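The shown structure was predicted, so the numbers you read here are calculated from the model rather than taken from an experiment. No hydrogens, no waters, no symmetry mates; every other heavy atom, side chains included, goes into these values.
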Amino acid sequence: MNIFRDNFALIAGPCTVESKEQITLIAKEVKAHGAAFLRGGAFKPRTSPYDFQGLGEDGIALLLEAKKVTGLPIVTELTDIRSLPLFEEVDIIQIGARNTQNYELLREMGKVKKPILLKRGLAGTIKELLMSAEYIIANGNENVILCERGIRTYENTYTKNTLDLSAVPVLKSLTHLPVVVDPSHGTGRADIVPAMALAAVAAGADGIMIEVHNDPSCALCDGSQSLDFVQFRGIAAKIFKIREAMK
C-alpha cells in the first residue's frame with residue numbers, strides 16, 4: 001500500500017502555523033518546487049510548558065485556507081483524541097514521537113478512515129514502531145505511513161537526534177507500509193538536513209518530510225532546523241534528480 005503519487009512524496013512546510021500570511025506563503029513556495037503535501041503544526045507538544053504550543057483550532061483553519069489556495073493536501077499532528085472533530089478535513093493525521101506508544105490514541109486512529117503518519121518514538125526500537133502501527137491496523141485502519149525521525153543516542157552535542165537511515169531498508173524488508181524520513185527532527189540542524197534528505201532518498205525512502213520557513217531566524221518553533229526558501233529549492237531539485245536516477 002502506498003498512497004503517494006509515483007510511490008514518492010515530498011512533504012514540506014513550517015514546524016508551526018504562525019499566521020495566515022506565513023502558512024499561505026510557504027504553501028505556495030513548497031508546491032512550486034515539488035511538494036505534494038503541506039505539513040504544519042497546529043497543536044504542538046513542547047518539552048517546556050512555556051514554549052509556543054501552536055494556534056490549535058485556529059491553526060487547523062489556517063492550514064485549510066492554505067489548502068484551498070494551493071490545492072495541497074495537509075499533514076498535521078493530533079495530540080489529543082478530544083481534538084479529532086477538528087481534523088475532519090485534514091488529509092493525513094500525524095501521530096508524533098511522544099504519542100507513538102499512546103495505545104489508546106492508536107486504537108482510536110484505527111477507527112479513522114484516513115491515512116495516519118506514525119512517527120518513531122524518541123527512543124523507540126523498530127519493533128516498537130511496527131507494533132504501534134499494528135495497534136492502528138488491528139483496529140481497522142490499514143492506511144499507515146511509518147516515519148523515521150531520529151532517535152536519542154549518546155550523541156546530543158552536534159545533532160539533536162541520531163537519524164537512523166538503516167531503519168528505512170529494514171522497515172521496507174519487514175512491512176508493505178510506506179516509509180517516510182524526517183531529517184529536520186532527525187538532526188535538528190538546517191545545515192545538514194539537505195545531506196541527510198538525499199541519503200534518505202538513496203536509502204529507498206518513500207517520502208521526505210522537511211521543515212521550511214520563510215524566515216527561520218524568526219520562527220516560533222524549531223527555526224534552527226528549518227530550511228529557508230533558497231535552501232529548499234536547492235534540495236528539492238536534487239531529491240527529484242536522485243529519484244529519477246533510481247528508476
Side-chain angles (χ1 to χ4, degrees), residues 8-16 37 39 41 44-48 51 75 77 79 94-102 106 116-135 144-175 177-213 216 219 221-228 231-232 234-236 238-239 242-243 246:
F8 184 82
L10 179 57
I11 306 166
C15 176
T16 308
F37 294 86
R39 62 141 294 145
K44 294 299 299 180
R46 306 296 300 278
T47 301
S48 170
D51 289 338
V75 182
E77 183 174 355
T79 59
Q94 176 181 308
I95 299 299
R98 291 174 175 84
N99 277 314
T100 303
Q101 291 180 300
N102 183 340
L106 297 178
I116 307 299
L117 191 150
L118 178 65
K119 287 200 164 189
R120 186 176 180 179
L122 297 174
T125 65
I126 289 174
K127 183 175 181 180
E128 287 169 338
L129 175 61
L130 289 172
M131 289 299 100
S132 292
E134 286 295 327
Y135 268 91
V144 179
I145 304 160
L146 303 175
C147 182
E148 164 58 38
R149 48 81 65 204
I151 52 176
R152 285 182 173 170
T153 65
Y154 294 111
E155 177 54 57
N156 61 5
T157 301
Y158 295 105
T159 58
K160 181 178 180 179
N161 296 295
T162 297
L163 188 61
D164 180 12
L165 291 184
S166 67
V168 176
V170 171
L171 286 168
K172 291 176 73 68
S173 73
L174 296 171
T175 178
L177 300 175
V179 180
V180 168
V181 173
D182 176 354
S184 300
H185 283 94
T187 65
R189 287 179 49 178
D191 62 325
I192 59 176
V193 164
M196 299 311 294
L198 295 178
V201 176
D206 298 298
I208 304 295
M209 176 181 278
I210 296 177
E211 291 192 353
V212 181
H213 197 281
C221 177
D222 287 346
S224 61
Q225 65 193 38
S226 300
L227 302 188
D228 62 26
Q231 292 170 313
F232 177 72
I235 191 57
K238 291 179 180 178
I239 284 172
I242 291 180
R243 282 288 305 170
M246 292 175 65

> Closest approach of P45 and R98, non-hydrogen atoms and distance?
Replying inline: O-NH1, 3.4 Å
>> For G121 versus I151, what's the shortest heavy-atom pair and its separation?
In response: O-CG2, 3.8 Å
>> Nearest 0.5 Å, please: how far is CD1 in I95 from CG in N102?
In response: 8.0 Å
> Can you tell me how far CE of M196 sits from CG of L163, rounded to the nearest 0.5 angstrom?
Replying inline: 4.5 Å
> Excluding sequence neighbours, so at least two apart, what forms side chain to side chain contact (heavy atoms under 4.5 Å, CB included) with S226?
Replying inline: E211, H213, P216
>> List the residues meeting side-chain hydrogen bond (donor to acceptor under 3.5 Å, both in side chains) with T162, not counting sequence neighbours, and say none if there are none.
In response: T153
> Between V168 and G204, which heavy-atom pair has the shortest distance, and what is it?
Replying inline: CG1-C, 3.8 Å
>> Tell me whether R39 contacts the main-chain N or O of C15 through its side chain, where contact means a donor paired with an acceptor under 3.5 Å.
In response: yes
> Passes side-chain contact (heavy atoms from CB on, under 4.5 Å), V144 versus T175? Steps please.
Replying inline: CA-CA 11 Å; V144 179; T175 178; over 6 Å; no
> Which residues satisfy the salt bridge (Lys or Arg N to Asp or Glu O under 4.0 Å) test with K44, sequence neighbours excluded?
Replying inline: none
>> Please find the pair of heavy atoms, one from I210 and one from P183, that lie closest to each other, and give the distance.
In response: CG1-CG, 4.3 Å
>> Keeping Q225 on the side-chain end and D222 on the backbone end, is there a donor-acceptor pair under 3.5 Å?
In response: no
> What do the steps show when you test M209 against F37 for side-chain contact (heavy atoms from CB on, under 4.5 Å), and what is the final call?
Replying inline: CA-CA 9 Å; M209 176 181 278; F37 294 86; over 6 Å; no
> How far apart are the closest heavy atoms of C147 and L117, and which atoms are they?
Replying inline: CB-CD2, 3.6 Å
> Distance from K172 atom NZ to L146 atom CG, nearest 0.5 Å?
Replying inline: 10.0 Å
>> Tell me whether D182 contacts the main-chain N or O of H185 through its side chain, where contact means a donor paired with an acceptor under 3.5 Å.
In response: yes
>> What's the separation between atom CD in Q101 and atom CG in L106, rounded to the nearest 0.5 Å?
In response: 9.0 Å
> Quick one: side-chain hydrogen bond (donor to acceptor under 3.5 Å, both in side chains) partners of R120, sequence neighbours excluded?
Replying inline: E148, D164
> Any donor-acceptor pair under 3.5 Å linking the side chain of E128 with the backbone of L130?
Replying inline: no
> Distance from S173 atom OG to I126 atom CD1, nearest 0.5 Å?
Replying inline: 8.5 Å
>> Taking side chain to side chain contact (heavy atoms under 4.5 Å, CB included) as the definition, give me every residue that meets it alongside R152, ordered by chain and number, with sequence neighbours left out.
In response: L122, N161
> Which pairs count as side-chain hydrogen bond (donor to acceptor under 3.5 Å, both in side chains) when at least one residue sits in residues 194-205, sequence neighbours excluded?
Replying inline: none
>> Let me confirm one number: the CG-CD1 distance from L227 to I235, rounded to the nearest 0.5 Å.
In response: 8.0 Å
> How far apart are the C-alpha atoms of L10 and F232, what are their side-chain angles, what is the distance that settles it, and do they pass the side-chain contact (heavy atoms from CB on, under 4.5 Å) test?
Replying inline: CA-CA 11 Å; L10 179 57; F232 177 72; 3.7 Å; yes
> Checking side-chain contact (heavy atoms from CB on, under 4.5 Å) for the pair L171/L177: CA distance, chi angles, key distance, verdict?
Replying inline: CA-CA 8 Å; L171 286 168; L177 300 175; over 6 Å; no
